[in-house]
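Naming convention: chains lettered A, B, ... in sequence-line order (proteins, then strands); numbering from 1 in each chain.
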Amino acid sequence: MKLTHYRRTGSVYSVDNGLLKFTVMKARDISEILSDIATLLELKGDNPFKIRAYEQGARIVEGLGDQLEPLVREGRLHEHKGIGPALSEKITELVTTGRLAYYDELRKEFPATIFDLLNIPGLGPKRVRLLYQKLGVRSLGELEYACVENRLLTLDGFGEKSQAKILDGIQQLKRHQGRFLFSDAMEAAEGLIAALRQSPEVIRISLAGSLRRRKETAKDIDLLVSSGSPAAVMARFVALPGVADVIAHGETKSSIRLSSGLQADLRVVSDTEFPYALHHFTGSKEHNTALRGLAKSLGLKMNEYGLFRGEELVPCATEADIFAALGMDEIPPELRENLGEIEAAQARQLPELITESDIQGVFHAHTTESDGRHSLEEMVKAAKALGYRYLGISDHSRSAHYANGLSIERVRAQHNAIDEIQQRHPEITIFKGIESDILADGSLDYPDEVLNSFDFVIASVHSRFGMTEDDMTARVIKAISHPAVTILGHPTGRLLISRDAYPLNLTRVLEAAKAHHVAVELNANPHRLDLDWRFCKDARDRGVRLSINPDAHSTEGLSDTRYGVGVARKGWLKRADVFNTQSADQMRQTLAAKKTR
DNA sequence: GCCGTTTTCGGCCCGACTGTTTTCAGTCG
C-alpha cells in the first residue's frame, strides 16, 4: 500500500494489513514538510525572507536524499550553506522522532485542503487567506460554490473578473493536474517558436523558463523574443493556431492557453536587452535571486533589461558576457538552480557537460518479440540511422507475462536471429541482452546458464511495488549482486505525474552498484527520467556510471535518448560519467570483463 | 531564518500585468 503522508494525515504511521507500522521519514517527506511550512508562513503573512529560508531548506534536503540521515546522526547538517541552527534543529527533530511540534502547531491554523487553492492562477497566499477568513472557504469545492453564489464580490479587491477567472482556473485544474511532461511541453514550444520565427518583426527568439533548464515536468512554456515592434509580435502570438484562450495581452508580455491546457507566456524586449532578459526569464528564481545578490555586492544592479553600474549599462551581447562581467564562467541553463553552480562558476570548476553526440550506442530496446512495436531488424536499422555504433536488445523476461516475456527457447531463437541480422549490418554492433524482472525475492528470471548467454543483463523491478523500504532495498541489492547483471533498470520505478517511486534506500543501492561494477540506468523515457537528476551527482561521486537508455518500444523511441542526455546534463554529468559513451570496441571489452569478474 | 574580507545586527532582487483602484496591492516569474 501507499505511504500515508504526514502532511495529509498528521501521522507518521501507516496501516498495512491492519497493523499499525512506523514509517521512516525520507528526505522527500521532510522536504515536503519544510515546503509546507513555507506555504503556511506565507498564508500567515510572515517574513518573506524567513519563507525563502524554508524553501531553500526544502530544496537542499530533497537533494540530499538518503545522505540526510547520516548527516543528522553525525551532526553535520549545518555544513550545508542555507541550513542554519533553526532548520538544523527542526530537520533533526523530524529525522529522529518523525514529528515536528512547530509544524503541528502551524497546521492547526489552516485546513490542509487550502493548499489546493494556491494552484489556481491568480490566487496567492494573501487572497487565499482572505477567502478563508472572510468566507470560510476551505477547499476547491467550497471555492467553486462560493463563486457560483457570487459571494467573492463581497470581498475587498475581488470583482467580477477575478471571480470568473478563478472559476475558470478551477475547471482547468480539474482537467489537468497543472503539470506536463517535458517532452510534451517541449514539442508544443518548438511549434510556437517555429510559428513565431515566420514573423518578420522577430529578431531573436529563444525558449526560456524551466523548459530551457530541462526540468522533468513543466507548468507552462516561457518564450522570449527581441523585436523593434513588440505590439505586432504580441498580436501575432495571441492569434496563433491552437490558442484556446488569451489570458493576458500586454505591450511586452502576453499569456495564452493552448487547446492542450498548456499555458505559454511570451515576453518581448529590444535586441539590446535580449541577453539580459534571456538570463532573467530562464531562471530559476533561486538562481536569479542569488546572482542578483552577487551583482549587488559587486556594485552592480541586475534586472531583465540589463546589468548596470549606476546608470550605465554594462554591455553584453550574450549570456556568456553577463557571466563574465560577474567574474565567472558561463553557467549552462540546466545547472541554474542555485545548487552550487554559481560557486563552481566563480571557481572556474563547472563540469564540461555531456552532449548528445557523446552517446556512442544505446541499451534497453524492446522488439515485437516482447512488447515493442517494431521488429529486431527495424530497430537495428533505426539505431544505425541515428548514428549509433551499437544497440543493446533487451526484451522482457519470462515472468513478464503482461509484456509477452521470452521463454528460454525464445531467448535462444532470438540469439540466432541476432547473429543473422548482425551479418547484414556489420557497421553496428548488436549486443544480446534481456530486461530481466527482479523477482520478489531478488532473484533473476532465468537459470544462470541462460543469464550467462547474454552479452548484458538489465535487471528491473516491475512488480510488488508495495514492499517496505528495507525489503525493496534488499531485493534490488540482491539482484545487482548477481554477476550477470550489467545495468540496474529504471532504479526507482517512478512515472512522472502519475506514480511515485517505490520506497528504496538509494544510497545503499548505489554503494552496491559500485561494489558489483553495475551501471545504473538513467532511463530516458519521458514518462520516467529515472534516475532523477537530483541524484546524478551523488551516483557520480560514488563512482557509479550511469547508462542513458531509451527504453525504446519502437524505432521512434530510440530518439528519447536525448531526454536522458538532458537529465544527465542537469545532473552535472560529464562524458566520462556515462556508461554508453564508450566506443563499440571498449564496450565489447567492458561487457566481457564484467562477465568474468 | 540565514549570513558575514564592509557586518553577529541589519540586511536579504526586481519589474510587468491585472483588477480594482483613484494610487496600489497582489500575483507571477
Should A/W533 and A/L573 count as side-chain neighbours, where that means a heavy-atom distance under 4.5 Å?
no
Gap between atoms CZ and P, on A/R129 and B/dT27 respectively (whole Å):
10 Å
Gap between atoms NZ and C1', on A/K285 and B/dG15 respectively (whole Å)
15 Å
Mind calculating the distance between CG (A/L278) and C1' (B/dG29) to the nearest angstrom?
14 Å
Distance between the C1' atoms of B/dG15 and B/dG10, in whole angstroms?
25 Å
Between B/dT8 and B/dG1, how many Å separate the two C1' atoms, rounded to a whole number?
14 Å
Under a 4.0 Å N-O cut-off, is there an ion pair linking A/R204 with A/E273?
no
Rounded to whole Å, how long is the line connecting atom CG of A/D220 with atom P of B/dC28?
11 Å
Might you list the N or O atoms of the protein lying below 3.5 Å from N or O atoms in nucleotides 8-12 of chain B, with each pair's distance?
unit_1 : atom_1 : unit_2 : atom_2 : d
B/dC12 : OP1    : A/K296 : NZ     : 2.4

Of all residues at least two apart in sequence or in a different chain, which pass the salt bridge (Lys or Arg N to Asp or Glu O under 4.0 Å) check with A/K81?
A/E343
With sugar-phosphate meaning primed atoms plus P, OP1 and OP2, does A/G283 contact a base, only sugar-phosphate, or nothing at under 4.0 Å between heavy atoms?
nothing
Inter-nucleotide C1' distance (B/dC12, B/dT18), Å rounded:
28 Å
B/dT8 -> Watson-Crick or G-U wobble partner, both distances under 3.5 Å, gives none
Partners meeting side-chain contact (heavy atoms from CB on, under 4.5 Å) with A/R236 (sequence neighbours left out)
A/S199, A/P200, A/E201
Distance between the P atoms of B/dC28 and B/dT20, in whole angstroms?
15 Å
Where each residue is assigned the nucleotide of DNA chain B containing its nearest heavy atom, which of A/H78 and A/N288 is assigned the position nearer the 5′ end?
A/H78
Where A/E55 and A/A38 come nearest, the two heavy atoms and their spacing:
CG-CB, 3.7 Å
Taking side-chain contact (heavy atoms from CB on, under 4.5 Å) as the definition, give me every residue that meets it alongside A/N47, ordered by chain and number, with sequence neighbours left out.
A/F49, A/K50
Applying ring pair (Phe, Tyr, Trp, His ring centres under 6.0 Å), name anything that partners A/F110, two or more places apart in sequence or on another chain.
A/Y132
Send over the distance from A/I83 CD1 to B/dG1 P, rounded to a whole Å.
14 Å
Upstream residue (5' side of DNA chain B) when A/S88 and A/L123 are each assigned their closest nucleotide:
A/S88
Grab the CG-C1' distance between A/D265 and B/dC28 for me, whole Å please.
9 Å
Distance, P atom - from B/dT6 to B/dC2, rounded to whole angstrom
23 Å
Quick one: ring pair (Phe, Tyr, Trp, His ring centres under 6.0 Å) pairs with a partner in residues 259-282 of chain A, sequence neighbours left out?
A/H279-A/H287, A/H279-A/F323
Any side-chain donor-acceptor pair under 3.5 Å between A/E89 and A/T92?
no
To the nearest Å, give me how far apart CG (A/L266) and P (B/dG29) are.
15 Å
Sequence neighbours left out, cut at 3.5 Å: what donor-acceptor pairs do the side chains of residues 180-191 of chain A make with other protein atoms?
none

What is the nucleic acid contact for A/I120, judged by heavy atoms within less than 4.0 Å: base, sugar-phosphate only, or nothing?
sugar-phosphate
Scan A/P48 against the nucleic acid and name what it touches under 4.0 Å (heavy atoms): base, sugar-phosphate only, or nothing.
nothing
Sort me out a list of protein N/O and nucleotides 17-24 of chain B N/O pairs below 3.5 Å, or just none if empty.
unit_1 : atom_1 : unit_2 : atom_2 : d
B/dC17 : OP1    : A/T252 : N      : 3.0
B/dC17 : OP1    : A/T252 : OG1    : 2.9
B/dC17 : OP1    : A/K253 : N      : 3.1
B/dT18 : OP1    : A/H249 : N      : 3.0
B/dG19 : O3'    : A/S162 : OG     : 3.1
B/dT20 : OP1    : A/G159 : N      : 2.3
B/dT20 : OP1    : A/G159 : O      : 3.0
B/dT20 : OP1    : A/E160 : N      : 3.3
B/dT20 : OP1    : A/S162 : N      : 3.3
B/dT20 : OP1    : A/S162 : OG     : 2.8

Sorted by chain and residue number, the salt bridge (Lys or Arg N to Asp or Glu O under 4.0 Å) partners of A/E74 (sequence neighbours excluded) come out as A/R76
Got a sec? Which of residues 300-313 of chain A come in under 4.0 Å of DNA chain B, heavy atoms?
A/K301, A/M302, A/N303, A/E304, A/Y305
Here the distance between atom P of B/dG1 and atom CG of A/L106, to the nearest Å, is 11 Å
Taking the C1' atom in each of B/dC9 and B/dA16, what is the distance between them to the nearest angstrom?
34 Å
Residues at least two apart in sequence or cross-chain that pass salt bridge (Lys or Arg N to Asp or Glu O under 4.0 Å) with A/R127, listed by chain then number, are none
Not counting sequence neighbours, list each pair that qualifies as a ring pair (Phe, Tyr, Trp, His ring centres under 6.0 Å) and has a residue in residues 76-101 of chain A.
none
